[in-house]
Novice: 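Just passing along the structure, written as structure tokens.
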Amino acid sequence: MKEGTDNSQLEALAQELMDGIGPRLVGSPQMQQAHDWAVAKYGSWGVDARNEKWGEWKGWERGITHIDMLSPRVKSLEGMQLAWSPNTKGKTITGETIALADAEDSLAFQAWLPSVKGKFVLVSMPQPTGRPDYNWEEFATPESFEKMKQQRTAQQKEWLERLQKTGYTAKELHRALENAGAIGIISSNWSNGFGVDKIFGANTLKVPAVDVALEDYGLLYRLTAAGKAPTLSVKVDSKDLGIVPTFNTLAEIKGTEKPDEYVFLSAHFDSWDGGTGATDNGTGTLVMMEAMRILKKIYPNPKRTIIVGHWGSEEQGLNGSRAYVEDHPEVVKNIQALFNQDNGTGRVVNIGGQGFLHAYDYIGRWLSQVPSDIRKHIETSFPGTPGGGGSDYASFVAAGVPAFSLSSLNWSYGTYTWHTNRDTYDKIVFDDVRSNAILTAILAYMASEDVGRASNEKVKLPLNSRTGEQMEWPVQRSPNRKGGLD
């Protein structure tokens with residue numbers, strides 16, 4: 001408690017990782033830089049660390065994006081290229097906008113397709129309001145709020161039907177547009193909060209794909225729909241780096257009495273790159289690094305070996321952790337417990353049993369030693385049901401490992417920071433992260449010191465309420481070891 005409170009390294013680590021290195025998209029130079037930084041940082045604390053290759057990915061480096069409206073008036077637009085977007089080959093491309101057609105069916109859509117040649121295609125539904133629902137609830141009359149929601153629901157239904165009538169999936173649609181001669185794809189993935197968009201990956205192979213903020217996207221769409229199609233100027237700089245190796249970073253403190261039994265700390269290291277990956281999953285990363293630092297200083301000779309895994313490519317399907325589970329069965333079978341943190345900056349408020357029948361016993365005993373100021377916020381649910389996905393603990397649960405998610409308080413995570421352009425250093429709540437690091441260090445200490453092995457006996461799962469059949473334990477899945485190529 002004293003080390004974690006009075007000598008915390010969290011702010012310095014966060015500044016180095018989020019501000020200095022930045023987002024950690026799989027296959028990017030920043031991801032590799034982060035791996036090397038973590039190994040060096042652990043080394044400075046006297047903790048052995050290494051990068052372990054698990055696969056390959058499409059290498060790509062983000063560059064500057066300029067999106068400007070030239071007519072009917074001049075305005076610089078708020079937007080950015082999507083991950084893995086093709087660049088504009090050093091040039092600025094100019095063209096008018098065109099909205100995705102509301103064709104009668106796929107044959108009519110095929111007849112419309114040639115009209116996109118030389119134009120930027122608007123492919124997202126224009127939002128009817130840029131105000132989040134909580135803002136409407138506070139100020140609108142109930143009748144006005146309900147009217148807006150009904151109109152929005154109808155508009156969403158109509159837009160979904162418009163997409164379905166093209167005959168394409170989302171990825172296929174964008175490829176069809178670029179093959180028909182579109183010079184760019186303009187989307188807007190609003191995250192239902194003021195000024196926030198979710199930034200994912202491009203579906204195009206030849207032309208740039210950019211996300212434009214709700215306010216500017218709505219402007220473009222309204223002008224286009226009114227027959228005053230804006231002229232845009234777009235320059236997208238990015239680098240295609242070919243195929244690059246991908247890694248997990250692992251660090252360990254060797255056990256003295258039971259070195260071949262393991263306590264794992266776990267957090268994914270990669271992020272999407274609209275922001276800097278601060279709460280997804282910079283804060284989980286900081287928690288595990290700080291916990292290891294504390295343990296090395298206060299508990300340098302643990303009974304069991306304590307390993308931290310900073311996993312790669314969680315965002316594309318838990319690939320790094322699935323690869324570790326697949327590649328290290330000799331370690332996995334001897335894991336005492338694993339603690340994973342991945343859902344934002346808030347203090348831990350829930351630990352579930354993940355379907356392990358006796359988790360209540362050992363988790364309860366370990367938690368009993370956590371100071372009440374931290375423990376009082378935490379609810380437990382046993383035996384719970386096994387997580388089939390969502391974060392890296394699920395890779396281990398599928399292999400029968402007692403692996404637990406340290407689930408945290410929301411702090412508007414889903415709207416404002418999860419995969420968004422606003423997931424930045426300033427969203428970190430360091431008091432909560434500090435508590436989480438102390439909690440994690442204590443749980444690792446207790447799991448290491450425990451005289452017995454934690455039981456991994458599984459509960460008999462209940463019937464699926466939808467199918468009436470008994471639920472089955474999640475199946476261990478292989479990772480995608482060569483991604484981003486299609």
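Note that the structure is predicted; figures quoted are calculated from it, not measured.
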Novice: How are the rings of W84 and W60 set to each other: parallel, tilted or perpendicular (split at 30° and 60°)?
Specialist: tilted

Novice: Under a 3.5 Å cutoff, is there a donor and acceptor pairing between the side chains of S435 and R347?
Specialist: no

Novice: Do D133 and N192 make a side-chain contact, defined as non-hydrogen atoms from C-beta onward lying under 4.5 Å apart?
Specialist: no

Novice: What I want to find out is whether K75 reaches D216 closely enough, with some N-O distance under 4.0 Å, to be called a salt bridge.
Specialist: yes

Novice: Quick check: are there more than 12 heavy atoms from other residues, nucleotides or ligands sitting under 6.0 Å from CZ of R152?
Specialist: yes

Novice: Taking atom types as modelled and ignoring hydrogens, do the side chains of T129 and W136 form a donor-acceptor contact shorter than 3.5 angstrom?
Specialist: yes

Novice: T249 and H35: side-chain donor and acceptor closer than 3.5 Å?
Specialist: yes

Novice: For the residue pair D270 / S313, report whether a side-chain donor-acceptor contact shorter than 3.5 Å exists.
Specialist: no

Novice: Return yes if a side-chain donor-acceptor contact under 3.5 Å exists between S191 and T420, otherwise no.
Specialist: no

Novice: My understanding is that only one of N480, L25, I243 makes a side chain to side chain contact (heavy atoms under 4.5 Å, CB included) with W57; could you say which?
Specialist: N480

Novice: Once the angle between the rings of Y42 and W45 is folded into 0 to 90°, is it parallel (under 30°), tilted (30 to 60°) or perpendicular (over 60°)?
Specialist: perpendicular

Novice: If you count every heavy atom of other residues, nucleotides or ligands that lies below 6.0 Å from K157 atom NZ, does the total exceed 12?
Specialist: no

Novice: Between D211 and K198, is there a side-chain N and carboxylate O pair less than 4.0 Å apart?
Specialist: no

Novice: Report the residues that fulfil ring-ring contact (aromatic ring centres under 6.0 Å, His included) with Y134, sequence neighbours left out, ordered by chain and then residue number.
Specialist: none

Novice: Please tell me whether K235 and T88 have a donor and an acceptor in their side chains that are separated by less than 3.5 angstrom.
Specialist: no

Novice: Can we say R293 and E290 salt-bridge, meaning some charged N sits less than 4.0 Å from an Asp/Glu carboxylate O?
Specialist: yes

Novice: Going through the distances and angles, do M80 and D197 end up as a side chain to side chain contact (heavy atoms under 4.5 Å, CB included)?
Specialist: CA-CA 10 Å; M80 64 193 307; D197 275 25; over 6 Å; no

Novice: Taking atom CZ of R477 as the centre, report whether more than 12 heavy atoms of other residues, nucleotides or ligands fall under 6.0 Å from it.
Specialist: no

Novice: Please state whether the rings of Y413 and W418 are parallel, tilted or perpendicular, taking 30° and 60° as the class boundaries.
Specialist: tilted

Novice: Which label fits Y324 and F396: parallel for a plane angle under 30°, tilted from 30 to 60°, or perpendicular past 60°?
Specialist: tilted

Novice: Quick check: F430 with Y425 (ring centres under 6.0 Å apart)?
Specialist: yes

Novice: Going by atom types only, do S391 and N340 share a side-chain donor-acceptor pair under 3.5 Å?
Specialist: yes

Novice: Got a sec: does the CH2 of W54 have more than 12 other heavy atoms crowding it under 6.0 Å?
Specialist: yes

Novice: Given the rule in the salt bridge (Lys or Arg N to Asp or Glu O under 4.0 Å) test, do E146 and K149 qualify, once you have shown the distances and angles that lead to the verdict?
Specialist: CA-CA 5 Å; E146 187 61 31; K149 288 192 294 183; 3.7 Å; yes

Novice: Could you tell me if W411 and D432 have a donor-acceptor pair between their side chains, going purely by distance under 3.5 Å?
Specialist: yes

Novice: Could you tell me whether the side chains of K427 and T424 share a donor-acceptor contact shorter than 3.5 Å?
Specialist: yes

